Number of protein chains: 2
Amino acid sequence: MQYITIKEGVASLIDRGELTANKKLPTERALAEQFQTTRVTLREALTTLEAEGKIHREDRRGWFVSPPSMIYDPTSTNNFNVMASKCGFVPSSKLIQAKQVGASQEVAELLNVPVDTQVYRIDRLRMLDDRPVVVTFNYVIMENFPGLLEHDIESSLTDVYRDQYQKPYAKTHFQIKTSSLLGETAQLLRASTGSPAMLVQRVNYCAEGVLLDCDIEFWRPHAIKIESTASVITTTKNN
Amino acid sequence: MQYITIKEGVASLIDRGELTANKKLPTERALAEQFQTTRVTLREALTTLEAEGKIHREDRRGWFVSPPSMIYDPTSTNNFNVMASKCGFVPSSKLIQAKQVGASQEVAELLNVPVDTQVYRIDRLRMLDDRPVVVTFNYVIMENFPGLLEHDIESSLTDVYRDQYQKPYAKTHFQIKTSSLLGETAQLLRASTGSPAMLVQRVNYCAEGVLLDCDIEFWRPHAIKIESTASVITTTKNN
DNA sequence: GAGTGGTCTAGACCACCGT
DNA sequence: CGGTGGTCTAGACCACTCA
């Protein structure tokens with residue numbers, strides 16, 4: 001298992017400080033020569049390091065040492081900007097598109113509406129210190145937010161919900177699993193097709209329990225650490 | 001991007017029902033021939049499908065169609081057995097080892113104690129329908145549970161905490177990120193070295209806020225879907 | 001013992017990035 | 001435009017699984 005040795009070799013380059021956060025690793029051909037192996041085996045080693053979040057790829061640009069990840073609390077109403085700032089990053093957002101669409105099967109299930117129900121769809125790319133880290137797809141129940149697309153929705157939807165419509169989030173249901181990045185989502189994140197991803201799906205409700213929207217988020221795994229505290233509901237023994 | 005086509009080809013075999021849950025895929029050589037490619041490219045395709053949770057590898061045994069995943073609520077005190085049963089699986093556990101050790105750097109930070117503080121360490125392998133899905137490492141503050149190792153700790157620590165010591169969980173702090181499986185952990189899960197994993201770390205407290213234990217869990221990604229509902233704490237605008 | 005997956009070699013071509 | 005990463009080929013050997 002030569003690739004494990006190589007993996008540890010590269011990891012020690014990082015731990016020893018010869019490679020620092022956001023720095024590009026040497027070219028694959030140079031690393032392959034340095035570790036006396038071929039590119040295929042080298043990439044096996046780098047892919048494993050990537051799975052551990054220590055390094056990541058930028059499509060056609062090479063491998064980079066991953067900086068500390070942002071702490072993401074799915075149970076908080078804090079939006080991306082607030083969570084990023086708390087972790088010492090400079091957040092930014094880019095609106096990819098915003099339009100009215102019919103709900104797909106997946107979205108219809110999340111929003112608990114029939115397929116093809118008209119909803120607002122808002123696609124955004126978000127960055128930390130100008131590094132793209134997540135693509136979000138929001139789907140919004142139209143009747144709760146008439147004329148939503150006329151507001152400034154690039155930065156924070158939660159702010160608009162609260163300030164323009166007096167409908168802040170009060171409850172959220174979230175799902176987290178692993179996935180992969182494909183197509184335009186991968187491109188926006190400067191990731192190679194098929195790169196691993198963290199998939200976060202949320203359904204958000206306001207104080208009265210009314211369903212407001214859902215969002216589907218594709219995160220670069222190295223950029224996120226999910227963290228939260230919960231007071232647990234003790235269930236009876238016979239549950 | 002031939003491997004994307006192959007990936008979709010294999011995915012459609014599954015969606016069309018030609019391959020069903022827990023069934024072994026044809027051998028790599030057979031699939032490579034079927035899709036007119038080499039094993040290297042085929043494995044690229046299968047690895048991407050694995051990242052999406054549709055299939056998984058068992059070390060030296062081949063690729064298998066992944067069954068539905070278990071829904072895991074990190075904010076719940078429900079233990080593994082309860083969560084598994086709710087999802088229709090038959091849970092089982094195997095005690096790997098239980099002993100007294102000095103806290104490592106990582107564990108010391110989680111438990112907020114000095115390095116080398118004596119703690120109980122309990123390693124277990126847990127299965128759904130006899131498929132190994134997670135390896136858990138529990139580290140327990142000794143003074144809260146004197147003589148803990150004399151109880152039946154194979155199945156459920158939370159039950160022992162509650163029934164034998166009257167100290168149920170009341171609060172939990174959790175972290176989730178991606179990682180990879182190595183060494184004995186990989187072997188226990190019948191996974192290949194370097195396979196992707198979901199890493200869940202928890203710190204658990206009792207009602208009085210006393211820190212009880214922490215656990216570090218390495219999950220097979222295909223076997224778990226994290227899901228929870230939270231009433232969110234609305235923060236002020238100037239936070 | 002046959003066949004499988006795990007690992008590795010030694011190349012190749014191309015599109016694209018950065019200069 | 002040179003060099004890089006993305007992708008692919010056509011093999012090989014070995015340890016291990018399974019029949």
Side-chain angles (χ1 to χ4, degrees), chain A residues 1-10 22-51 55-65 130-132 180-184 186-196, chain B residues 1-10 22-51 55-65 130-132 180-184 186-196:
Chain A
M1 293 188 302
Q2 185 179 344
Y3 77 94
I4 297 290
T5 312
I6 297 170
K7 191 202 83 168
E8 288 166 355
V10 176
N22 295 314
K23 201 157 178 182
K24 184 179 183 301
L25 270 63
T27 69
E28 292 183 355
R29 287 172 175 84
L31 281 171
E33 191 177 6
Q34 180 177 342
F35 288 101
Q36 305 252 327
T37 185
T38 58
R39 277 179 69 207
V40 173
T41 301
L42 176 81
R43 285 169 68 96
E44 179 86 13
L46 296 180
T47 300
T48 306
L49 262 189
E50 182 186 36
I55 63 174
H56 62 277
R57 268 197 290 180
E58 294 191 21
D59 192 48
R60 292 177 190 284
R61 256 167 284 257
W63 298 85
F64 295 81
V65 179
D130 291 323
R131 297 175 290 110
S180 74
L181 298 173
L182 300 171
E184 197 193 356
Q187 278 176 37
L188 288 167
L189 292 170
R190 307 185 78 153
S192 306
T193 299
S195 296
Chain B
M1 291 190 304
Q2 185 180 345
Y3 77 93
I4 297 291
T5 313
I6 298 170
K7 191 201 84 168
E8 289 165 356
V10 176
N22 294 314
K23 201 157 178 183
K24 185 179 180 304
L25 271 64
T27 69
E28 292 184 357
R29 286 172 176 83
L31 282 172
E33 190 177 6
Q34 180 176 343
F35 289 100
Q36 304 254 327
T37 184
T38 58
R39 278 181 67 206
V40 173
T41 300
L42 176 82
R43 284 169 69 95
E44 180 84 13
L46 296 180
T47 301
T48 305
L49 262 189
E50 181 185 37
I55 63 173
H56 62 275
R57 267 197 292 181
E58 293 191 22
D59 193 49
R60 291 176 190 284
R61 257 167 280 258
W63 298 85
F64 295 81
V65 179
D130 291 324
R131 297 174 291 111
S180 74
L181 298 173
L182 300 171
E184 197 193 355
Q187 277 176 37
L188 288 168
L189 292 170
R190 307 185 79 154
S192 306
T193 300
S195 296

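Lettering of chains follows the sequences in order, A, B, ..., and the numbering in each one begins at 1. Note that these values count all heavy atoms, side chains included, but never hydrogens, waters or copies made by symmetry. This is a predicted model, so every value here is computed, not measured.
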Pairs of donor and acceptor atoms involving the side chains of residues 32-42 of chain B, under 3.5 Å and at least two apart or interchain, shall be tabulated with distances.
unit_1	atom_1	unit_2	atom_2	d
B/Thr37	OG1	B/Gln2	NE2	3.4
B/Arg39	NE	B/Glu28	OE1	3.2
B/Arg39	NH2	B/Glu28	OE1	3.1

Discussion item. With a sphere of 6.0 Å drawn around NZ of A/Lys24, does it hold more than 12 non-hydrogen atoms of other residues, nucleotides or ligands?
Written reply: yes
Discussion item. Given A/Ser192, which partner from the list A/Arg57, A/His56, A/Gln187, A/Arg61 fulfils the side-chain contact (heavy atoms from CB on, under 4.5 Å) test?
Written reply: A/Arg57
Worksheet item: Which value, rounded to the nearest 0.5 Å, describes the distance between A/Trp63 atom CH2 and A/Leu46 atom CG?
Response: 5.0 Å
Sort me out a list of protein N/O and nucleotides 1-6 of chain D N/O pairs below 3.5 Å, or just none if empty.
unit_1	atom_1	unit_2	atom_2	d
D/dG5	OP1	A/Lys24	NZ	3.4
D/dG5	OP2	A/Glu28	N	2.9
D/dG5	N7	A/Arg29	NH1	2.8
D/dG5	O6	A/Arg29	NH2	3.2
D/dG6	OP1	A/Ser192	OG	2.8
D/dG6	OP2	A/Arg43	NH1	2.8
D/dG6	OP2	A/Arg43	NH2	3.4
D/dG6	OP2	A/Arg57	NH1	3.3
D/dG6	N7	A/Arg39	NH2	2.9
D/dG6	O6	A/Arg39	NH1	3.1

Worksheet item: At what angle, to 10 degrees, do the two end axes of the helix from C/dG1-D/dC18 to C/dG18-D/dC1 meet, given five pairs define each axis?
Response: 20°
Worksheet item: Can you name the salt bridge (charged side-chain N to carboxylate O under 4.0 Å, His left out) partners of A/Arg190, sequence neighbours left out?
Response: A/Glu58
Item to complete: Give the rounded distance in Å between these two atoms: CD of B/Glu33 and C1' of D/dG11.
Response: 15 Å
Worksheet item: Is A/Lys7 close to B/Leu182 at the side-chain level, that is, under 4.5 Å between some pair of heavy atoms?
Response: yes
Discussion item. Quick check on D/dT9: is either OP1 or OP2 less than 4.0 Å from any side-chain nitrogen or oxygen of B/Gln36?
Written reply: no
Worksheet item: side-chain contact (heavy atoms from CB on, under 4.5 Å) with B/Glu8: which residues, sequence neighbours excluded?
Response: B/Ile4
Practice prompt. Report the distance from atom CD1 of B/Ile4 to atom C1' of D/dC8, rounded to the nearest whole Å.
Written response: 14 Å
Practice prompt. Figure out the CG/P separation between B/Leu42 and C/dT4, and round it to whole Å.
Written response: 13 Å
Worksheet item: Think B/Thr37 has a side-chain N or O under 4.0 angstrom from the OP1 or OP2 of D/dC8?
Response: no
Worksheet entry | Pairing residues for B/Glu44 by the side-chain contact (heavy atoms from CB on, under 4.5 Å) criterion, not counting sequence neighbours | B/Tyr3
